[in-house]
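What you are looking at is a predicted structure, and each value in this text was computed from that prediction instead of being measured. Labels below follow one simple rule: chain letters A, B, ... track the order of the sequence lines, proteins then strands, and each chain is numbered from 1.
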Amino acid sequence: MHSRMDAYERITRNVSEVVTEDEVRALAEQPEGKRAYVGYEPSGVLHIGHMLTATKLIDLQEAGFEVTVLLADVHAYLNDKGTFEEIRETADRMREQFVAYGLDEERTEFVLGSEFQFDREYVLDLHALELETSMARAERAMAEIKSGETAKVSQAVYPLMQALDIVYLDVDLAVGGMEQRKVHMLARDTLPSIGEEAPTCLHTPLIADLSTGVGKMSSSAGVTISMEDSTADIREKVNRAYCPPTRDPEPDDDGNERENPVLQIFEYHVFPRFEAVVVERPEKYGGDLTYDDYESLAADLESGELHPADAKGALAAYLDELIAPGREMIRSE
RNA sequence: CCGCGCUUAGCUCAGCCUGGCAGAGCAGCCGACUGUAGAUCGGCUUGUCCCCCGUUCAAAUCGGGGAGCGCGGACCA
């Protein structure tokens with residue numbers, strides 16, 4: 001496959017931020033056996049946001065990393081996502097869906113937060129971090145993550161636990177979407193004050209809202225693409241997506257920056273998982289097209305050689321293929 | 001513990017003073033135009049007016065009780 005890709009390149013492709021580059025280069029020297037992790041609040045169905053960081057984990061596994069997926073039941077509880085019972089029920093299903101998506105079961109360790117986050121030592125370290133952190137800082141770190149509009153005390157504890165998780169899971173690299181960056185920066189600032197190392201972090205981009213291209217895609221049902229979508233659902237959602245024939249759309253009338261979500265999904269979801277992309281196209285528009293990499297597809301969309309409608313057809317087909325194993329698992333339950 | 005404010009469509013809110021068919025903007029949906037979407041036109045939908053009791057021919061609106069959320073104050077032994 002991509003076996004000739006150099007480790008650093010593999011580790012950092014498609015990320016929007018590396019903290020710090022030197023630290024990641026050091027890890028890339030000897031990637032075999034290095035440990036990386038992502039934490040997820042358990043939710044019943046894997047959606048395209050989860051899949052984006054999962055794709056990065058697959059990259060890391062191919063580079064030789066051991067991967068830990070934290071099913072963050074305690075975090076979900078602290079973030080007001082339900083009772084422990086409800087949250088734990090979904091954690092198991094989520095684990096299966098990650099494997100169905102393509103995480104190597106042999107090289108992936110799934111850990112439930114509650115397995116270690118109540119240990120006496122952990123809790124004492126947590127209190128030490130609380131002592132080092134202002135409410136304002138914790139609140140800022142949670143701005144992009146918290147549910148509800150009023151910050152709860154539990155939500156101030158939340159990012160500090162994320163910092164400690166990095167220590168207790170003994171990972172070399174913390175991975176997350178860009179919405180996690182303030183939490184990770186908080187971890188880098190405060191962990192040294194309790195005698196721990198500042199963690200190295202990798203942040204993936206966020207896919208823009210499918211229908212407008214503005215901001216980040218909501219994960220609520222019907223708005224995102226998830227493993228419970230049927231082939232027809234995916235076709236319809238992709239077809240309704242905002243997709244001007246350019247990779248760099250103009251800001252909207254309110255001045256908000258816009259992305260092209262169709263291209264983003266090709267870049268971050270499809271090309272990392274497929275050798276080549278075939279765009280099926282009726283003869284009257286010129287017949288099928290084949291792309292080996294994202295750049296050539298984006299360039300063709302930009303030039304007009306590839307029409308958005310044809311791009312969408314191909315996107316829906318490849319996304320469907322990525323989702324199909326997880327979907328079948330969900331349906332057979 | 002005390003005081004103040006808020007609660008009406010998916011969202012932001014108007015309406016309440018002075019009772020009389022529950023509204024606007026946005027979102028959403030449907031068509032037209034584009035070989036996608038968006039933009040632009042044209043059309044359409046949306047309700048436990050937080051809950052209970054009372055007054056009234058008639059209550060989102062008035063009176064009483066309660067809940068949730070927010071804000072402020074007090075206490076500083």
Participant: Take atom P in B:rG38 and the same atom in B:rA14, then report the distance between them in whole Å.
Facilitator: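 Each nucleotide's P atom is 32 Å from the other's.
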
Participant: Rounded to whole angstroms, how far apart are CZ on A:Arg258 and C1' on B:rA39?
Facilitator: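 Value for this atom pair: 8 Å.
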
Participant: For nucleotides B:rA32 and B:rA24, find the distance between their C1' atoms and express it as a whole number of Å.
Facilitator: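 26 Å, rounded to whole Å.
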
Participant: Are A:Arg95 and A:Asp92 within salt-bridge range, i.e. N to O under 4.0 Å?
Facilitator: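 Salt bridge: no.
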
Participant: Respond yes when some side-chain nitrogen or oxygen of A:Arg281 is under 4.0 Å from OP1 or OP2 of B:rU36, and no when none is.
Facilitator: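 Indeed not, no polar side-chain atom of A:Arg281 lies that close.
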
Participant: Nearest whole angstrom, please: distance from the C1' of B:rU36 to the CG of A:Leu263.
Facilitator: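 A:Leu263 atom CG is separated from B:rU36 atom C1' by 12 Å.
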
Participant: Using atom names, set out every protein N or O paired with an N or O of nucleotides 70-72 of chain B below 3.5 Å, distance rounded to 0.1 Å.
Facilitator:
residue : atom : partner  : partner atom : Å
B:rG70  : OP1  : A:Thr150 : OG1          : 3.3

Participant: Exactly one of A:Lys237, A:Arg327, A:Arg235 should register a salt bridge (Lys or Arg N to Asp or Glu O under 4.0 Å) with A:Asp320. Which one does?
Facilitator: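 Of all the options given, the one that passes is A:Arg327.
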
Participant: Using the C1' atom in both, what is the distance from B:rC75 to B:rG54, to the nearest Å?
Facilitator: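 Going atom to atom, C1' in each nucleotide, I get 38 Å.
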
Participant: May I have the distance from A:Glu250 (atom CD) to B:rA39 (atom P), rounded to whole angstrom?
Facilitator: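 My rounded result for the distance is 15 Å.
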
Participant: Without hydrogens or angle criteria, can the side chains of A:Tyr291 and A:Asp300 be said to hold a donor-acceptor pair below 3.5 Å?
Facilitator: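 Yes, A:Asp300 and A:Tyr291 have a side-chain donor paired with an acceptor closer than 3.5 Å.
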
Participant: For A:Asp172, what residues pass the side-chain contact (heavy atoms from CB on, under 4.5 Å) criterion, not counting sequence neighbours?
Facilitator: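 By the side-chain contact (heavy atoms from CB on, under 4.5 Å) rule, A:Asp172 matches A:Leu27, A:Lys34, A:Arg35.
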
Participant: Is it true that A:Gln180 and A:Gln162 share a donor-acceptor pair across their side chains at a distance under 3.5 Å?
Facilitator: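 Indeed, the side chains of A:Gln162 and A:Gln180 share at least one donor-acceptor pair under 3.5 Å.
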
Participant: Looking at RNA chain B, which of residues 137-145 of chain A put a heavy atom within less than 4.0 Å of it?
Facilitator: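 None - not one residue of the stretch has a heavy atom sitting under 4.0 Å from the strand.
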
Participant: Go through A:Glu23 and A:Arg188 one step at a time and tell me if the salt bridge (Lys or Arg N to Asp or Glu O under 4.0 Å) criterion holds.
Facilitator: CA-CA 13 Å; A:Glu23 293 170 25; A:Arg188 284 182 67 88; 3.0 Å; yes

Participant: Taking B:rG20 as the reference, what is the distance to B:rG10 when you measure between their P atoms (whole Å, please)?
Facilitator: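 Straight-line distance between the two P atoms is 24 Å.
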
Participant: Checking one residue: A:Met178. Which other hydrophobic residues are in its cluster under the side-chain 4.5 Å linking rule?
Facilitator: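 Result for A:Met178 is A:Leu206.
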
Participant: May I ask you to decide whether A:Glu21 forms a salt bridge with A:Arg25, counting only side-chain N to carboxylate O separations under 4.0 Å?
Facilitator: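 Salt bridge flag = yes for A:Arg25 with A:Glu21.
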
Participant: How far does the P atom of B:rC52 sit from the matching atom of B:rA67, given to the nearest Å?
Facilitator: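 It works out to 15 Å between them.
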
Participant: Checking all strands, does A:Pro245 fall into the base, sugar-phosphate, or nothing category for heavy-atom contacts under 4.0 angstrom?
Facilitator: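 Since a base atom lies under 4.0 Å of A:Pro245, the category is base.
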
Participant: Any chance you could pull the hydrophobic cluster mates of A:Val19, using side-chain heavy atoms under 4.5 angstrom and chaining through other members?
Facilitator: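 Members alongside A:Val19: A:Met185.
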
Participant: Taking only heavy atoms on the protein side, list every residue of residues 310-321 of chain A lying under 4.0 Å from any atom of RNA chain B, sorted numerically.
Facilitator: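 The answer is A:Asp310, A:Lys312.
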
Participant: State the CG-CD distance between A:Asp104 and A:Glu106, to the nearest 0.5 angstrom.
Facilitator: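 Taking CG in A:Asp104 and CD in A:Glu106, the distance rounds to 6.0 Å.
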
Participant: Strictly below 4.0 Å, N to O, side chains only: are A:Asp209 and A:Lys216 in salt-bridge contact?
Facilitator: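 A salt bridge is absent here (no side-chain N lies under 4.0 Å from a carboxylate O).
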
Participant: Considering only the C1' atoms, how many Å lie between B:rA9 and B:rG25, rounded to the nearest integer?
Facilitator: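 These two C1' atoms come out 12 Å apart once rounded.
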
Participant: Over 60° means perpendicular and under 30° means parallel, so tell me whether A:His75 and A:Tyr158 are parallel, tilted or perpendicular.
Facilitator: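 Perpendicular, since the angle between the ring planes exceeds 60°.
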
Participant: With rounding to the closest Å, how many angstrom separate the C1' atoms on B:rG31 and B:rC21?
Facilitator: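 The answer is 30 Å between these two C1' atoms.
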
Participant: Say you pick atom P in B:rG63 and the same atom in B:rG19; how far apart are they, in whole Å?
Facilitator: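 Between the two P atoms, the distance is 12 Å.
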
Participant: Consider the side chain of A:Arg240, meaning its heavy atoms from C-beta on, and name the nucleotide among B:rC30, B:rG38, B:rG35 that approaches it most closely.
Facilitator: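 Within the option list, the nearest is B:rC30.
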
Participant: Would you say A:Tyr242 stacks on B:rG38, if stacking means ring centres under 5.5 Å apart and planes within less than 30 degrees?
Facilitator: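 Given the distance and angle limits, no, they do not stack.
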
Participant: Would you call the rings of A:Tyr77 and A:Phe84 parallel, tilted or perpendicular, taking 30° and 60° as the class edges?
Facilitator: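 Rings of A:Tyr77 and A:Phe84: parallel, under 30°.
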
Participant: Could you tell me how far apart A:Asp209 (CG) and B:rA27 (C1') are, to the nearest whole angstrom?
Facilitator: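 Result: 12 Å.
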
Participant: Using whole Å, what does the distance between atom C1' of nucleotide B:rG35 and atom NE2 of A:His307 come to?
Facilitator: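 In whole Å, B:rG35 C1' and A:His307 NE2 are 5 Å from each other.
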
Participant: If I take atom CD in residue A:Glu280 and atom P in nucleotide B:rU36, what distance separates them, rounded to the nearest angstrom?
Facilitator: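 Interatomic distance, CD of A:Glu280 to P of B:rU36: 19 Å.
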
